[in-house]
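Below: one structure, written as structure tokens.
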Amino acid sequence: GILERMTPLESRNFNPSSLEGEYNLVELLCKFRAVRLKAGVLAGILAGVMMIIFGMIYCATQGIDITAPMKIAGLPILGNEALQYGSMKAIIVGLAAFFAYSIFHGMTYAHVTGKNHKGALFGVGLTWAAWSLVFVTCLFMPAFRHYYEAEIPRGVMFIAWIVWGQALRS
């Protein structure tokens, strides 16, 4: 390969990103790109809105309070008070917690992906959804008694995370 044709000094200072078509993940992750972070904030907000809309539609079809998706993220903070009908405090706390999470992960997603190829972003969106299902829905949420008692269906959460993960590709 190319490294075999180089002198020891050249190979030690070799920069893989200088090659056509090479992709240096470490360089990508260490490079600050404000444009990608701004895009991640917007993608996180859009993904959060899409997930909440999906949750509201699901709740409406099941006869559940349609504000429940906006309150669920507030469960660890407010406890059972977060699911009280008509609680504006629960809606505000839940939305703030959820959008903080969504914006942070939108920025992380945009920073890590680094490309705008729709095929790759589709796969990364599905991976992000699966990660969220496993770590957020299956591990984090049951660790809090209030989430456990709310009995949020995991199948619906998986679909909601897919909506969220695919909306991040925007």
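Numbers here are sequence positions counted from 1. Just so you know, these numbers use all the heavy atoms, side chains as well, and skip hydrogens, waters and symmetry mates.
- With 3.5 Å as the limit, one finds a donor-acceptor pair spanning the side chains of W164 and S102.
- In this structure, CD1 on I162 lies 6.0 Å from CG on L126, to the nearest 0.5 angstrom.
- Summarising the geometry, atom CE belonging to M107 is positioned 11.5 Å from atom CG belonging to L42; distances are rounded to the nearest 0.5 Å.
- Between G74 and V93, the closest heavy-atom pair is CA-CG1, 4.1 Å.
- Ring geometry, H105 versus W131: the interplanar angle falls from 30° to 60°, so the pair is classed tilted.
- Between G94 and A73 the shortest heavy-atom distance is O-CB, 3.4 Å.
- Linking Ile, Leu, Val, Met, Phe, Trp and Tyr whenever their side-chain heavy atoms come within less than 4.5 Å puts F140 and F99 in one cluster.
- Nearest approach of C138 to V134, heavy atoms of both residues: CB-O, 3.3 Å.
- At distances below 3.5 Å, at least one donor-acceptor pair connects side-chain atoms of S87 with backbone N or O atoms of A90.
- Residues V136 and Y58 do not share a hydrophobic cluster, defined by chaining ILVMFWY side chains whose heavy atoms lie under 4.5 Å apart.
- Taking CD1 from I45 and CG from L168, the interatomic distance works out to 11.5 Å, rounded to the nearest 0.5 Å.
- One distance of note links CZ of F122 with CZ of R169; it measures 6.5 Å at 0.5 Å rounding.
- A continuous path of hydrophobic side-chain contacts links W161 to V124 [ILVMFWY only; heavy atoms under 4.5 Å].
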Report task. For M70 and M56, run side-chain contact (heavy atoms from CB on, under 4.5 Å): C-alpha distance rounded to whole Å, both residues' side-chain angles, the deciding distance at 0.1 Å, then the answer. Result -> CA-CA 9 Å; M70 295 179 264; M56 291 174 75; 3.9 Å; yes
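- Of the possible polar contacts, none joining the K71 side chain to the L95 backbone as a donor-acceptor pair under 3.5 Å is found.
- Annotation: side chain of Q166 is not in contact with side chain of M50 (no heavy-atom distance under 4.5 Å).
- Residues F54 and V156 come closest through the heavy atom pair CE2-O, 3.8 Å.
- Atom CD1 of I72 and atom CE of M141 lie 6.0 Å apart (nearest 0.5 Å).
- Transitive grouping of hydrophobic side chains (ILVMFWY, heavy atoms separated by less than 4.5 Å) brings V41 and L37 into a common cluster.
- Here the side chains of P153 and F158 are not in contact, with every heavy-atom distance at 4.5 Å or above.
- Note that CD1 of I57 and CD1 of I66 are 10.5 Å apart. Values are rounded to the nearest 0.5 Å.
- Across all their heavy atoms, A47 and A167 have their closest contact at CA-CB, 3.5 Å.
- With sequence neighbours left out, R154 forms a side chain to side chain donor-acceptor pair (under 3.5 Å) with no residue at all.
- One hydrophobic cluster holds both L75 and M157 under the rule that ILVMFWY side chains link at heavy-atom gaps under 4.5 Å.
- M51 approaches F98 most closely through the heavy-atom pair SD-CZ, 3.7 Å.
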